[in-house]
Amino acid sequence: MSLLRIENAIRYFGGLMAVGDVSFTVPEGSVFGLIGPNGAGKTTVFNLITGNYRLDSGKIFFRNEDISRMATHRVVERGIARTFQNIRLFSGMTVLENVLAGRHCRMKAGPVAAMLRLPSQRIEERRAVARAMAELLFVGLAGHAGNLAKNLSYGNQRLLEIARALAADPRLIILDEPAGGMNDYETTALVELISKIRDRGITVMLIEHDMSLVMRACERIVVLEHGKKIAAGNPGEIQSDPAVIEAYLGGDDDEF
Ligand SMILES: Nc1ncnc2c1ncn2[C@@H]1O[C@H](COP(=O)(O)OP(=O)(O)O)[C@@H](O)[C@H]1O
Ligand SMILES: [Mg+2]
């Protein structure tokens with residue numbers, strides 16, 4: 001079954017067609033890669049899915065529900081969590097507090113209960129901390145829980161964003177260049193982490209320039225170039241696709 005379905009998505013910025021009539025589906029339980037040279041429209045597709053940008057036309061369905069016009073917080077409630085190409089953490093807050101911020105969307109206590117520190121709210125808070133710690137353990141950052149986010153290494157900040165996204169209980173997690181700034185050792189650990197996320201039943205969608213990561217981690221890949229889908233298939237098919245080779249080798253954009 002497809003978890004996410006994008007139908008004829010179009011988005012312009014002024015006269016520039018960032019995403020031009022792109023359609024694809026993401027099967028439930030898969031690791032799905034979205035690749036292409038710089039400026040191809042990959043991040044824009046993510047922003048369209050999460051409601052950060054509006055479609056000019058087309059539709060996006062998540063679990064057969066039309067989420068095309070949904071506000072970002074509703075999209076999160078439906079079960080889509082994300083990380084950002086340019087890391088967006090609360091840098092002056094601790095690592096644990098950052099993950100708790102991701103958990104917030106699943107907490108019921110309103111501001112009054114929080115202010116009065118009612119028992120129900122304290123129980124919920126304690127549960128949220130336990131859950132946040134569990135996610136930190138899962139990504140390998142438990143030992144950093146009390147540190148300020150800004151003091152983490154770049155690679156660890158990326159892992160913290162993943163922990164924060166996982167704390168929101170997603171069915172689909174979308175990762176925008178998760179290996180950006182990571183060394184080879186960290187990237188290999190990330191490939192393992194991605195398969196552990198998938199083993200939890202969470203579908204993974206990622207944008208990545210590191211082709212060795214993409215080919216190791218993804219079962220299905222869609223390639224964009226200048227806002228258009230130029231190829232779709234498994235890693236073997238993508239690596240031998242003439243249009244893909246041309247897109248990567250024809251310009252001076254990227255390595256393949
Ligand atoms: N908010 C925006 N305003 C104007 N142009 C944008 C905006 N976001 C993206 N673009 C443009 O859309 C194109 C696709 O960008 P993007 O989706 O970020 O590409 P990718 O993630 O594949 O590198 C680029 O030409 C980019 O400059
Ligand atoms: Mg991008």
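When a ligand or atom number is given, it counts from 1 through the structure's own listing order.
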More than 12 heavy atoms of other groups within 6.0 Å of Arg122 CZ: yes
Lys/Arg-Asp/Glu bridge criterion (N-O < 4.0 Å) met for Glu77, Arg74: yes
Sole residue of Thr25, Asn64, Asp66 in side chain to side chain donor-acceptor pair (under 3.5 Å) with Arg5: Asn64
Closer than 4.0 Å: a protein non-hydrogen atom to atom 25 (O) of ligand 1: yes
Flag if over 12 foreign heavy atoms under 6.0 Å of CG, Asp184: no
Transitive ILVMFWY side-chain link Val223 to Met211, under 4.5 Å: yes
Transitive ILVMFWY side-chain link Val129 to Val139, under 4.5 Å: yes
Protein heavy-atom partner closest to atom 27 (O) of ligand 1 - residue, atom, separation in Å: Leu16 CD2, 4.6 Å
Atom 18 (O) of ligand 1: the protein heavy-atom neighbour that sits closest, reported with distance to 0.1 Å: Thr43 CB, 3.7 Å
4.0 Å heavy-atom contact, Tyr53 with ligand 1: yes
Parallel, tilted or perpendicular, as decided by the 30° and 60° cut-offs, for the rings of Phe32 and Phe24: parallel
Cationic N near anionic O, under 4.0 Å, Asp169 to Arg103: yes
Under 4.0 Å to a heavy atom of Ala40 - the qualifying atoms of ligand 1, by number: 19 (O), 20 (P), 22 (O)
Ligand-side contact atoms (ligand 1) for residue partner Asn38, heavy atom cut-off under 4.0 Å: 23 (O)
Within-2.8 Å protein N/O/S contacts of the Mg ion (ligand 2): Thr43 OG1, Gln85 OE1
Crowding at CZ, Arg171 (>12 non-hydrogen neighbours, <6.0 Å): no
Ligand 1 contact by Gly36, heavy-atom criterion under 4.0 angstrom: no
Polar atom proximity, Phe13 to ligand 1 (N or O, under 3.5 Å): no
Short side-chain donor-acceptor distance under 3.5 Å, Asn52 and Arg82: yes
Heavy atom of the protein closest to atom 17 (O) of ligand 1 (residue, atom name, distance): Thr44 OG1, 2.6 Å
Ligand 1 N/O within reach of Ala18 N/O, cut-off under 3.5 Å: no
Taking atom 19 (O) of ligand 1 as the reference point, the nearest protein heavy atom with its distance: Gly41 N, 3.3 Å
Shortest protein contact, atom 14 (C) of ligand 1 (heavy atom only): Gly39 O, 3.4 Å
Of the listed options Lys42, His209, His226, Glu177, closest to atom 22 (O) of ligand 1 (non-hydrogen atoms): Lys42
Side-chain H-bond candidate by donor/acceptor type, Ser30 with Arg220, under 3.5 Å: no
Side-chain ion pair, Lys196 and Glu192, N-O less than 4.0 Å: no
